[in-house]
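As structure tokens, the structure follows; a few thoughts come after it.
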Amino acid sequence: MRNQIGHDFSGYKTKTFVRRVQRRMQVTQIESIQGYVELLRQQPQEVGALFRDLLINVTNFFRDREAFHSLAETVLPKLFGGRGADETVRIWVPGCATGEEVFSIAILVREHIDRLSAVPRVQIFATDIDERALAVARAARYPEALLGDVSPERRSRFFIADGGSFVVAKDVRELCIFSPHSVIRDPPFSRIDLVSCRNLLIYFGGDVQTQVIPIFHYALKPDGHLFLGSAENVSQFGDLFAPIDKQHRIFRRRSDIVPNVRLPIMLNGLRPGHIAELAPRRSPLGGMGLRQVVDHQVIERFSPPHVVVNQDGDVVYYSTRTGKYLEAPGGSPTRQLLANARKGLKLDLRTLFREAVESGRSSSREGIAVENEDGRVQVLDLTIEPLTDGGSSEPLFLVLFTDQGPVLSREEALLRASEHGDGSALHAERELRETRDRLQSMIEEYETALEELKSSNEELVSVNEEMQSTNEELEASKEELQSVNEELHTVNGELNTKIDQLDRSNNDLLNLFESTDVTTVFFDKNLVIRSFTPAVSHVFNILPSDRGRPITDLSSRLNLPGFSDDIAKVFADHGPIERRVENTEGTEHYLARLGPYRDGDHKTEGVVVTFVNVTSLTRSEARQRVLIAELQHRTRNLLTVVQSIGRQTLGKGGTYADFTTRLAALSRVQGLIGDTTYDTINLGDLVRLELQAVGAAEGKATITGATVPLSLDLVQTMGLALHELATNAVKHGARHKGGTVP
């Protein structure tokens, strides 16, 4: 991760780091750490995913509301007190994540400066190593769910509703400057009035915390303020920070502590003489200077050893000759007075210091025996009193160690104790010493347990942050699943509708197959039967269970020569083919039509073969051909008759009117033939037709006799003969003179 991303997580808390790695291993379904390391080497995107998982961006507006209230009431008035419009208040928020904490502080600042007459400039530097989180913070757009701890007044004053989210107002955003920055790797900011670093140190190991907290001390101005999370503390750096509000973790940078700054001294090229020349010349001591030198020397020689401590028990000044009473403990260096006190002195020192701090008056105790490293005993008087006119903004206390006589051996100390009392007092003194030793041991165990509990508390807070991050991810996943579920409901409804439509279409298709008398078979590319209509049983010996079988496995009642070639041609040309076939007996005729079976992409996936029974049509066509031939024959005969009539009429001196009359008679006979649906004509109908043509109206002509059928080939001759007889009777016979024609 350091090589690919540039951030070193070796100082992260081991348990937290391992938990996040195990989470990514579960996501990627890798069981061994070696396999996951190999995955990180092969897939750089997994390194980014682990990096984002390690940055547990759990934050909220005004998280721990009482702490922010204490910050507004305790710290902000001091930051802006006495500042003019030409000055700047600088605030640094490292590990700002998505910006909720930054904007919470900016809102408090905006509320405070709105009450000021002279408003200084304000710069809030918000930094983080997560570029994605910084992008969210720069956008300053948050969903309504994240504004649960923002009061309605602040929501309406400092937020602008935009759809389903809220945007931070411009007068708050313009106070904040977001920038990528690592408190471990990059140089810190300087001249800062307030550092707000909440719930960042809980993820760092002890070594990194030891590195980061002095960085905050360096970045702050004298008497600047540090704002930490509820599970964070600077107890091991009590010499750098003084508590302002322990409960809400607000601290002040000590102005009386000057850290040791090591600067390179480039004097290698200088000669000793030059060094002497560079040293300033001291002026002779004046009266006041001589007095100070004398007082200082007398105090160092004759005054008792002493130290100056603050109200937290941190040593801010050592005198000479304090090694007999104080010694540095093992482990990290500390300025705690009680931690440096020698054996036998801690209990009394703790009691007197508490009395002096609580009462504000001097406390003392005499005859305290302190055992040195060589087993010798020093009896001393211990005094702790408030230090007046110390020039410090916090109370200081002077601790005096006054020896009672020289150092004694253990036997001399016991003898001296026996001289001042009886044996029972000596026994009580011994028991008291043993009790003190046991009490001191219990106190040390208690302090150790307290440190372990503090570490466990930080671990629990870290786990809580991770759980909250996981809970937020689960909430987001729940919303996504709910959205997907709604989409699935919609898709399911559409699918059910389409299934109903498909069922109706399928039922319509089945009913169409059942009701139609058209033989249709659907084949795939391998001539395997996909489906068919019930009428196929007239053509092939087929059963419903034959779906999925090749058509070549079934016998056919039709002669289908070249059937396979026709199917191959349909696949090749993608066009339909039609031809007529008949059954093996020749009694039934079918029209076979082969067409391509296309899918939704218009690709040919099979063949559709349709057999239409055209037996009636074939027979009608044959009959039509016979009728046409008969008609042509009759037409030729009719023309021959017309020609004969013409020759007979015009050749024997007849007139054109006679010719026309005879043609009309021929036309009437043909019309009578065309109207009949039988093969014969009733002779009476023919006689009646001709009599009406010559003017024999109904009632003037009587037709009697049996029904005489005439075949169609005799009707024309008989009609012309009746026409001639009727015409002659009208023109030349009795009918002409008013008689009767039998």
Checking Arg249 against Phe227: charged group under 6.0 Å from the ring centre and within 45 degrees of the axis? no
Test salt bridge (charged side-chain N to carboxylate O under 4.0 Å, His left out) on Arg254 and Asp314; report intermediate values, then the result. CA-CA 11 Å; Arg254 292 187 184 276; Asp314 296 327; 3.6 Å; yes
Counting only heavy atoms not in Tyr318, do more than 12 sit closer than 6.0 Å to its OH atom? yes
Run the side-chain contact (heavy atoms from CB on, under 4.5 Å) test against Arg132 and tell me which residues pass, sequence neighbours left out. Arg52, Asp130
The single option from Thr127, Thr98, Asp128 passing side chain to side chain contact (heavy atoms under 4.5 Å, CB included) against Leu134: Asp128
For Glu66, is the CD atom crowded, meaning more than 12 foreign heavy atoms sit under 6.0 Å from it? no
Within a radius of less than 6.0 Å around CD of Gln45, do more than 12 heavy atoms belonging to other residues, nucleotides or ligands occur? yes
With sequence neighbours left out, what residues match Arg23 under side-chain hydrogen bond (donor to acceptor under 3.5 Å, both in side chains)? Asp53, Glu473
Validation: residues 161-171 side-chain donor-acceptor distances under 3.5 Å, sequence neighbours left out:
| from | atom 1 | to | atom 2 | distance (Å) |
| --- | --- | --- | --- | --- |
| Asp162 | OD2 | Arg141 | NH1 | 2.6 |
| Asp162 | OD2 | Arg141 | NH2 | 3.0 |
| Ser165 | OG | Arg141 | NH1 | 3.4 |
| Ser165 | OG | Asp162 | O | 3.2 |
| Asp171 | OD2 | Arg157 | NH1 | 3.0 |
| Asp171 | OD2 | Arg157 | NH2 | 3.2 |

Could you tell me whether the side chain of Glu144 reaches within less than 4.5 Å of the side chain of Arg155, counting heavy atoms only? yes
Strictly by salt bridge (Lys or Arg N to Asp or Glu O under 4.0 Å), give each pair with a member in residues 74-84 just once, sequence neighbours left out. Arg83-Asp193
Could you pull out all residues at least two apart from Thr322 that satisfy side-chain hydrogen bond (donor to acceptor under 3.5 Å, both in side chains)? none
Which pairs, with at least one residue in residues 33-49 and sequence neighbours excluded, count as a salt bridge (Lys or Arg N to Asp or Glu O under 4.0 Å)? Arg24-Glu46, Glu38-Arg41
Mind checking salt bridge (Lys or Arg N to Asp or Glu O under 4.0 Å) for Arg90 and listing every partner two or more places apart, or none if nothing turns up? none
Check whether any side-chain heavy atom of Leu382 lies under 4.5 Å from a side-chain heavy atom of Val399, and answer yes or no. yes
Evaluate the side-chain proximity of Pro305 to Thr320: yes if any heavy-atom separation is below 4.5 Å, no if none is. no
Counting neighbours of CZ on Arg2 that are heavy atoms of other residues, nucleotides or ligands and sit closer than 6.0 Å, is the number greater than 12? no
Residues forming a side-chain contact (heavy atoms from CB on, under 4.5 Å) with Ser104, sequence neighbours excluded: Phe61, Phe62, Phe68
Could you work out, with side-chain hydrogen bond (donor to acceptor under 3.5 Å, both in side chains) as the rule, every residue matching Arg173, not counting sequence neighbours? none
Would you call Leu146 and Glu100 a side-chain contact if the rule is heavy atoms closer than 4.5 Å? yes
So that I can tick it off, tell me whether Arg121 and Asp86 are bridged by a salt bridge, with the cut-off set at under 4.0 angstrom between side-chain N and carboxylate O. no
Salt bridge or not for Glu174 and Arg110, using N-O below 4.0 Å? yes
Pairs flagged by ring pair (Phe, Tyr, Trp, His ring centres under 6.0 Å) wherever residues 109-130 is involved - sequence neighbours left out: Phe80-His112, Phe125-Phe189
Go through the structure and list residues passing ring pair (Phe, Tyr, Trp, His ring centres under 6.0 Å) with Phe17, not counting sequence neighbours. none
Across all chains, not counting sequence neighbours, the side-chain contact (heavy atoms from CB on, under 4.5 Å) partners of Ser70 are Thr74, Asp245, His248, Ile250
If you take the centroid of each ring, where Trp contributes its six-membered ring, are Phe241 and His217 closer together than 6.0 Å? yes
Is Trp92 close to Pro94 at the side-chain level, that is, under 4.5 Å between some pair of heavy atoms? yes
